[in-house]
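As structure tokens, the structure follows; a few thoughts come after it.
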Amino acid sequence: MNEDEERRALIRKFYQIYRPLQKRHSLREHSHFDIYGNNLIEIWEYEGERKGRCICKAKEDTEIACYKRAIEELESYSGKETVRHEKRAG
């Protein structure tokens, strides 16, 4: 797998995880990538128009590393949400 294919696969995986969480938890994403290594993905919870807590802040040297970190943080966030729902139901 070359770098471009890996990048596309990671972006696809990121959005497969992010989109369902976005709808369920009113999340908003901000991302910035440039050639100087200022790569950033931030995801925030919102309540209406009020910004809540930051659930993901991935700042890495490459776009690929940034998406990998963001995927890890989203998987962790979705795992914590599952635990919270199980505690409420149980």
Side-chain angles (χ1 to χ4, degrees):
M1 180 182 295
N2 67 31
E3 190 174 316
D4 192 46
E5 290 171 343
E6 181 183 11
R7 181 181 158 276
R8 279 186 283 190
L10 285 168
I11 292 171
R12 190 174 309 117
K13 182 176 180 180
F14 171 81
Y15 282 105
Q16 285 175 343
I17 297 168
Y18 172 70
R19 291 290 182 211
L21 292 171
Q22 177 190 28
K23 292 175 184 173
R24 195 172 6 181
H25 299 287
S26 300
L27 302 180
R28 294 187 192 175
E29 173 209 6
H30 167 76
S31 57
H32 173 83
F33 304 101
D34 66 28
I35 60 172
Y36 303 108
N38 300 318
N39 302 305
L40 171 72
I41 297 175
E42 288 183 328
I43 301 173
W44 294 82
E45 288 180 334
Y46 271 77
E47 295 176 22
E49 290 300 313
R50 275 190 47 220
K51 186 187 282 190
R53 70 183 176 120
C54 180
I55 64 157
C56 173
K57 186 170 188 175
K59 189 172 185 176
E60 301 292 334
D61 291 336
T62 66
E63 184 178 359
I64 289 173
C66 209
Y67 275 108
K68 285 180 182 179
R69 170 77 59 149
I71 288 168
E72 289 172 5
E73 292 185 26
L74 284 175
E75 287 173 339
S76 174
Y77 175 76
S78 67
K80 289 177 185 173
E81 289 301 310
T82 303
V83 170
R84 282 189 212 153
H85 290 297
E86 287 174 359
K87 284 182 180 178
R88 287 182 193 159

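- When ring centroids are compared, H25 and Y46 stay outside the 6.0 Å threshold.
- Between the CD atom of E45 and the NZ atom of K51 there is a distance of 12.5 Å, given to the nearest 0.5 Å.
- Looking at residues two or more places apart in sequence or on another chain, you find no salt bridge (Lys or Arg N to Asp or Glu O under 4.0 Å) involving E73.
- Every residue meeting the side-chain contact (heavy atoms from CB on, under 4.5 Å) condition with E5, not counting sequence neighbours, appears here in chain and number order: M1, N2, R8.
- Both L10 and Y77 belong to a single network of hydrophobic side chains, linked directly or stepwise wherever heavy atoms of I, L, V, M, F, W or Y lie under 4.5 Å apart.
- In terms of the side-chain contact (heavy atoms from CB on, under 4.5 Å) criterion, residue partners of R7 (sequence neighbours excluded) are, by chain and number, D4, I11, E63, I64.
- A distance-only check finds no donor-acceptor pair linking the side chain of Y67 to the backbone of K13 [under 3.5 Å].
- Checked against side-chain hydrogen bond (donor to acceptor under 3.5 Å, both in side chains), E6 has the following partners two or more places apart in sequence or in another chain: K68.
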Evaluate the side chain to side chain donor-acceptor pair (under 3.5 Å) criterion for residues Q22 and Y15: first the C-alpha distance (whole Å), next the side-chain angles of each, then the deciding distance (0.1 Å), finally the verdict. CA-CA 10 Å; Q22 177 190 28; Y15 282 105; over 6 Å; no

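- We find the CD1-OG distance between I55 and S76 to be 9.5 Å, quoted to the nearest 0.5 Å.
- Residue S26 holds its OG atom at 10.0 Å from CD of E49, rounded to the nearest 0.5 Å.
- For E72, the salt bridge (Lys or Arg N to Asp or Glu O under 4.0 Å) test picks out no residue, with sequence neighbours left out.
- Take K59 and apply the side-chain contact (heavy atoms from CB on, under 4.5 Å) test, not counting sequence neighbours, and it matches L40.
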